[in-house]
Amino acid sequence: MHALEMIEVVDAAALIEALRSAGVQQGDQLGLAIADGIGAGFATDTGSWSMSTPHPVPVAAAIEDAFSPRWTWWNSDTAAVLVAGGVRVARCWDVSAAHRMLFGGWRSEPARVWAALNGVSAATIPVMGQLDLLGGGGDDGQPDRPGRPDGHLRPDWVAGGWATNPSHLAQWAATACRAVALQRSVIASLPDPARVEVTVRSESVAELLCAELAADGLPIDLAAADEIIATFLGPRPRHEQDAIAARRRRDDVVLSLPGVGSGTDLRNPAHVRSMLDRVGVDVPDTRAWRLEPFRATSEVVDALLTWRKAERIETTFGFGWIDKHVRDGRLRGAWSGSDGAAGRMTAQAGLHNMPADLRGAVKAEPGHVFVRADLGQIEPRVLAAVSGDAQFAAAAAEDDMYAPVAARLGVDRSVAKIAVLAAMYGQTSGAAGQALQGMDNSYPVAMQYLRDADEQGRAGNDVFTAGGRRIRMWDFGDQYAENPSTERSAMAARGRFARNAVVQGAAAELFKVWAVTVRARGGALGARIVLCLHDELLVHVPSEHGAAAARLLDDCLQEAAWRHFRSARHTAAATVRFVADITVIEKWSDAKG
DNA sequence: ATCGTAGGCGCC
DNA sequence: AAAGGGCGCCTACGAT
């Protein structure tokens, strides 16, 4: 083991300086350890050091692990501070991310985490300024200790008291380490602890990746962006008056059509609906998919849908969007490692819902290329793996999984695809209904896996992804619960949600293992992930390493699949084939061809 | 003024 | 008989 230097205070600037002066490079493996749960010590192969300064961040100590020592912290705020300072550590245990996995839901601040680990209700978490005026025996512990006898953290510590002096910092760090120990004991009580712990680790590093994505941003060619936007809105307006005039011109195209009426507010769905009624188009709502059939026969509908498209660009993905989120040629937004539902990554600033039309503006910087890789048919393959359905897993041997499914069901490929998706989404109507019977006969194990999740969801019970994420059901479907007559709808909604979540969530887990593997292995090539899109990675890499990075992405996928599914209960899971479409490109829009 | 909801639409 | 999952972000609107 490495040399160990005890420290009392850890702060970002000093940490970064210390890491640099110790010769640590970005991506280096940092060997870390904790001594006696008090204070934090760390070292690298190149030397050890200590530090002390007044500006703290919630860096906890590190846990000792013979195979993979890693940083430990309460949440990714710490990672963000380190990344901002140019330091990227290899591994971490993110207490917040682990909490969301083990307990479900989205909220995971220290007070909530600590309460859960101590078996006390989050509803009783004390708040700042709450005084026990009635003298009812409120024992809030000792001011110089973060924990209270009742299992809660002291609110003054949570609100910033942890950072007031070196002793508090050390205790706060030690408390994070204690939280990890408690989380690991929770994990140890689960059916497959090794599996869950591995997932917690990849989910933790995914948070680290999120901090890096937020800092790095997505390369954007500003001129190209303006050009594309202009095809919808006209040239970039010079002033506010310009913008207003352009907007009026767009509105007038629709408003001047016969029967529309200049008083119609195109941005008010109720107005639009009655206007459509006047021109002979009777629809329950004005969604695009509902209006599309009328497009060929109604000039008004056609103009309205064209207007809607431009309006979407104007309001959400237009010049204002570029101006707000692009700096130094990079589009930046906040990232979250897992949503509150099934655990997919989320991103703000439009990074996850940028219209396909604008992808031509996503352009590699000079001397660089993108390597884009998207997983093929990830959800059915994951279903095969997590359910252990040998027949379904065998279908995954093909590049196109739907072909053998179609052959087995005796239906067209398009019907087979609909049937598979319908089973995973909980849809049983229409054309899918027929083929679903065939699915039940041909792939009973996979279908039973989905049915089990559905039944648990209907009953209001939590379900779990293969990696061990708890999917909370109790706060889902409330919108129906008020009315007893819609309880059936609520149950059905929970069933569909649960059915989909066990697949979508497991896919998200595999995706993140893949992503963090690419992150770990890509450093030597100068490869940086710049976008994660549920089943797609966009990697920015020096041009001369494009081909090598493409190979790396596939290698990492195979490694990720092996890591994630090797300990599965069913041997079938380990044999499921995962495929990625990988291309080296200069613009994101070059991808599909 | 600020907030939450609904309708709507973008992506997977 | 019918029953499609997730997210972010925009506008209008009603409630506070």
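What you see below is based on every heavy atom in this structure, not just the backbone, and it leaves out hydrogens, waters and symmetry mates. A, B, ... follow the sequence lines: proteins, then strands. Residue 1 opens every chain.
By the 4.0 Å N-to-carboxylate-O rule, A:Asp285 lies too far from A:Arg273 to be salt-bridged with it. We find that A:Glu455 and A:Arg451 are not joined by a salt bridge, their nearest charged nitrogen and carboxylate oxygen being 4.0 Å or further apart.
Side chain of A:Asp339, nearest nucleotide from B:dC9, C:dC7, C:dG5: C:dC7.
A sub-4.0 Å separation between OP1 or OP2 of B:dG8 and a side-chain N or O of A:Arg287 is present. Contact between the side-chain N/O atoms of A:Arg344 and the OP1/OP2 oxygens of C:dG6 is not found at any separation under 4.0 Å. OP1 or OP2 of C:dC13 lies within a sub-4.0 Å distance of a side-chain N or O belonging to A:Asn268. Note on A:Arg308: a side-chain N or O is less than 4.0 Å away from OP1 or OP2 of B:dC9. Contact between the side-chain N/O atoms of A:Thr286 and the OP1/OP2 oxygens of B:dG8 is found at a separation under 4.0 Å.
Using modelled atom types, one finds no donor on one side chain facing an acceptor on the other under 3.5 Å when comparing A:Trp106 with A:Asp339.
For A:Asp285 against B:dG7, no side-chain N or O and base N or O form a donor-acceptor pair under 3.5 Å.
Residue-level contact check: A:Ala501 touches neither bases nor backbone, having no heavy atom under 4.0 Å from any strand. Within 4.0 Å of A:Gln504, counting heavy atoms only, lies at least one base atom of the nucleic acid. In this structure, A:Ala349 reaches the sugar-phosphate backbone alone: every heavy-atom distance under 4.0 Å involves primed, P, OP1 or OP2 atoms, never a base. Nucleic acid contact for A:Ala288: sugar-phosphate only, since backbone atoms but no base atoms lie under 4.0 Å from a heavy atom of the residue. Residue contacts for A:Ala341: at a heavy-atom cut-off of 4.0 Å it reaches the sugar-phosphate backbone alone, with no base atom in range. Residue A:Arg273 is out of contact with every strand shown, counting any heavy-atom pair closer than 4.0 Å.
Within a 6.0 Å radius of CD in A:Gln448, other residues, nucleotides and ligands contribute more than 12 heavy atoms.
Using a distance-only test at 3.5 Å, with no hydrogens or angles considered, a donor-acceptor pair links the side chain of A:Asp94 to the main chain of A:Ala97.
Rounded to a whole Å, the CD1 atom of A:Ile471 is 12 Å from the C1' atom of C:dG5.
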